Amino acid sequence: MSERKKLKLAANIDGLGWNFVGWQHPDMPTDASENIDYYVQQAQLAEAAKFDTLFLVDVSHVGPGNIPHYLSMFEGSTIMSAISMKTEKIGLSATIATSYTDPYNVARQVLSLDKISRGRASVNAVTSNPGGMVNFSRGHLTKADQYPMNKEFMEILIGLWDTYEDDAFIRDKERGIYLNPGKMHALNYRGKYFSVDGPLNLSRSVQGRPVLYTAGSSATFMDHASSYTDGAFIHGQTMEATMQVANGVRARLTVKGRRPEDFIVITSQNPIVGHTDEEAVAKYKQLLAFNPKNSIPVPLFFGSAERVAAQVQLWYESGAMDMLMVRQDHPHGLRDFIELVVPILQERGVFKVNYEGDTLREHLEIPKPAFRKIG
Ligand SMILES: Cc1cc2nc3c(=O)[nH]c(=O)nc-3n(C[C@H](O)[C@H](O)[C@H](O)COP(=O)(O)O)c2cc1C
């Protein structure tokens, strides 16, 4: 365990929360999911608590039956760009669906976010629900196309981010030399779904490349995560089930000659925390009372701060997660976790007390990838 990095924390900025009723709470702005002031407030709260990154999960196809948050929420890279100007250290992550956009656009958006934020950008590149095909002029494609597209997408993204070598730009006014053209590389990728020549018109990231994640549960997801990404967002109903997926991804990393220590396994929970168990139960019941027709599952991380801190530590130490993503069920879910649980984790040496670097890769304790020639 000597190489074990500290626990990482992510705050999922989920506006109105992950249920149908949180928006009715008196302290929740009813437009929270598209309210810039609310997002900035949550981001600054997480940064003050030294969270490693912000996260925004996404949806590509909605209808009136979705949770209120999904019905009116910001697009990820747009809101993360705005937040980057109101924060200094915390990482920024948007989710994009590789089935519903072009890799050239995403490479450019995310590397722009990386430049704007001075090395804090990341992207969660998921296949998404096949229902979204109809919104993106891709009604001729099916679920069976999604992972092959995802593979091509990842290869192009990584390739485009290595368009320029680190020292490609000379920018010497006296000599009138802007670029060393020998250090600019085209991609010339030809796939079944995407065809991209490159080069991309942005210099290399200070963190090598923006951090790349994906999310899923299948064997194909694990193969893609272990081949291409820096981290994987997984889910399990229990700690044991989560550990099984985590270990599945780690085993594949090892087979491919990668170090699991250089990879971030992420799982999300919606903690409801109180000073005491009774206080947490009261918060949960308050949510239920807003609309008795809408039940909310009892959170897995639930109860007094001591109890929840012990759960977090156990999940982390047993390898079920490297990073906990905190989502909100209760409008004070993030604040309560920060005020009550984080100090306990810090006191036990599980979570850091200060940022030790500037880039997201430094926060995550994962290496800066060396430039790799493409094309
Ligand atoms: C933990 C987790 C998080 C996910 N987050 C998103 C998301 O934010 N947006 C989205 O469209 N799909 C999301 N998905 C769905 C995946 O993109 C994918 O469509 C689904 O998991 C099916 O693929 P699989 O069989 O490999 O799991 C998520 C899936 C998992 C397991």
Side-chain angles (χ1 to χ4, degrees), residues 8 10-18 33 53-63 65-67 69-71 73-80 92-101 106 110 122-136 138 141-154 157 211-239 241-249 252 263-270 297 299-301 315 320-328:
K8 306 301 169 197
N12 198 337
I13 305 203
D14 41 15
L16 296 167
W18 293 99
S33 296
T53 191
L54 301 169
F55 217 91
L56 193 71
V57 305
D58 201 19
V59 66
S60 307
H61 185 229
V62 294
N66 282 111
I67 54 170
H69 170 61
Y70 278 157
L71 295 178
M73 65 182 285
F74 286 131
E75 185 281 318
S77 62
T78 313
I79 182 64
M80 289 299 161
L92 308 155
S93 187
T95 292
I96 60 98
T98 57
S99 313
Y100 307 132
T101 180
V106 172
V110 177
S122 54
V123 64
N124 178 31
V126 301
T127 54
S128 191
N129 182 320
M133 293 291 186
V134 295
N135 283 340
F136 300 89
R138 288 174 179 168
L141 299 176
T142 67
K143 185 170 168 52
D145 293 294
Q146 289 194 286
Y147 270 117
M149 285 175 90
N150 182 261
K151 177 179 188 300
E152 290 185 14
F153 202 109
M154 301 274 202
L157 210 50
V211 173
L212 182 59
Y213 311 107
T214 189
S217 54
S218 62
T220 317
F221 145 77
M222 291 190 207
D223 282 337
H224 287 204
S226 52
S227 291
Y228 304 114
T229 73
D230 302 293
F233 181 14
I234 63 169
H235 176 69
Q237 298 292 348
T238 59
M239 185 177 84
T242 312
M243 235 154 68
Q244 214 174 347
V245 186
N247 290 336
V249 178
R252 284 167 170 80
F263 190 90
I264 303 290
V265 172
I266 311 161
T267 193
S268 81
Q269 295 293 337
N270 321 4
L300 222 49
F301 289 12
W315 279 56
M321 63 185 184
D322 302 308
M323 174 146 82
L324 171 65
M325 187 192 297
V326 178
R327 287 176 157 182
Q328 292 200 141

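As the structure is a prediction and not an experimental result, all values here were calculated from the model. One-based numbering, in listed order, for ligands and for the atoms of each.
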Subject >> Atoms in ligand 1 flagged as close to Val57, the criterion being non-hydrogen separation under 4.0 Å >> reply: 8 (O)

Original post:
Got an N/O contact under 3.5 Å between Ser217 and ligand 1?
Top reply: yes

Subject >> From Ile266, Val126, Asn129 - option closest to atom 13 (C) of ligand 1 by heavy atom >> reply: Val126

**OP:** Run the numbers for me: atoms of ligand 1, each under 4.0 Å from some heavy atom of Gly216, listed by number.
**Re:** 21 (O), 27 (O), 30 (C), 31 (C)

Original post:
What distance do Leu300 atom CG and Met239 atom CE have between them, rounded to the nearest 0.5 Å?
Top reply: 10.0 Å

**OP:** Answer yes if a protein heavy atom lies under 4.0 Å from atom 20 (C) of ligand 1, otherwise answer no.
**Re:** no

Subject >> Within-4.5 Å side-chain heavy-atom neighbours: Phe153 and Thr101 >> reply: yes

**OP:** Run the numbers for me: atoms of ligand 1, each under 4.0 Å from some heavy atom of Ser218, listed by number.
**Re:** 24 (P), 25 (O), 26 (O), 27 (O)

**OP:** Quick one: do Phe74 and Ile13 satisfy side chain to side chain contact (heavy atoms under 4.5 Å, CB included)? Show the steps, please.
**Re:** CA-CA 10 Å; Phe74 286 131; Ile13 305 203; over 6 Å; no

Original post:
Got a donor-acceptor contact below 3.5 angstrom from the Thr53 side chain to the Ala10 backbone?
Top reply: no

**OP:** Could you tell me whether the side chain of Tyr70 reaches within less than 4.5 Å of the side chain of Val57, counting heavy atoms only?
**Re:** yes

Original post:
Could any protein non-hydrogen atom be found less than 4.0 Å from atom 23 (O) of ligand 1?
Top reply: yes

Subject >> Exercise check, heavy-atom protein proximity under 4.0 Å to atom 4 (C) of ligand 1 >> reply: yes

Original post:
Under 4.0 Å from ligand 1, counting heavy atoms only, is it the side chain of Asn124, its backbone, both or neither?
Top reply: neither

Original post:
Taking all atoms of both residues into account, what is the closest heavy-atom pair of Met149 and Ser99, and its distance?
Top reply: CE-O, 3.8 Å

Original post:
Considering only protein heavy atoms, which is closest to atom 18 (C) of ligand 1, and at what distance to one decimal place?
Top reply: Thr127 OG1, 3.3 Å

**OP:** May I ask you to list the atoms of ligand 1 that are less than 4.0 angstrom from any heavy atom of Phe221?
**Re:** 26 (O)

Original post:
Does Tyr147, backbone or side chain, put an N or O under 3.5 Å from an N or O of ligand 1?
Top reply: yes

**OP:** Consider ligand 1: state whether an atom of it lies below 4.0 angstrom from any non-hydrogen atom of Thr220.
**Re:** no

**OP:** Check whether any N or O atom of Ser128, backbone or side chain, sits under 3.5 Å from an N or O atom of ligand 1, and answer yes or no.
**Re:** yes

Original post:
Between Tyr147 and Ser218, is any pair of side-chain heavy atoms under 4.5 Å apart?
Top reply: yes

Original post:
At a non-hydrogen distance cut-off of under 4.0 Å, which region of Asp58 contacts ligand 1 (side chain, backbone, both, or neither)?
Top reply: backbone

Subject >> Check: Glu75/Ser77 side-chain N/O donor and acceptor closer than 3.5 Å >> reply: yes

Original post:
If we only count heavy atoms from C-beta on, is the Phe301 to Val326 side-chain gap below 4.5 Å?
Top reply: no

Subject >> Nearest neighbour in protein (non-hydrogen) for atom 28 (C) of ligand 1 >> reply: Ala215 CB, 4.0 Å

**OP:** Please check if the side chain of Ser226 supplies one atom and the backbone of Val249 the other of a donor-acceptor pair under 3.5 Å.
**Re:** no

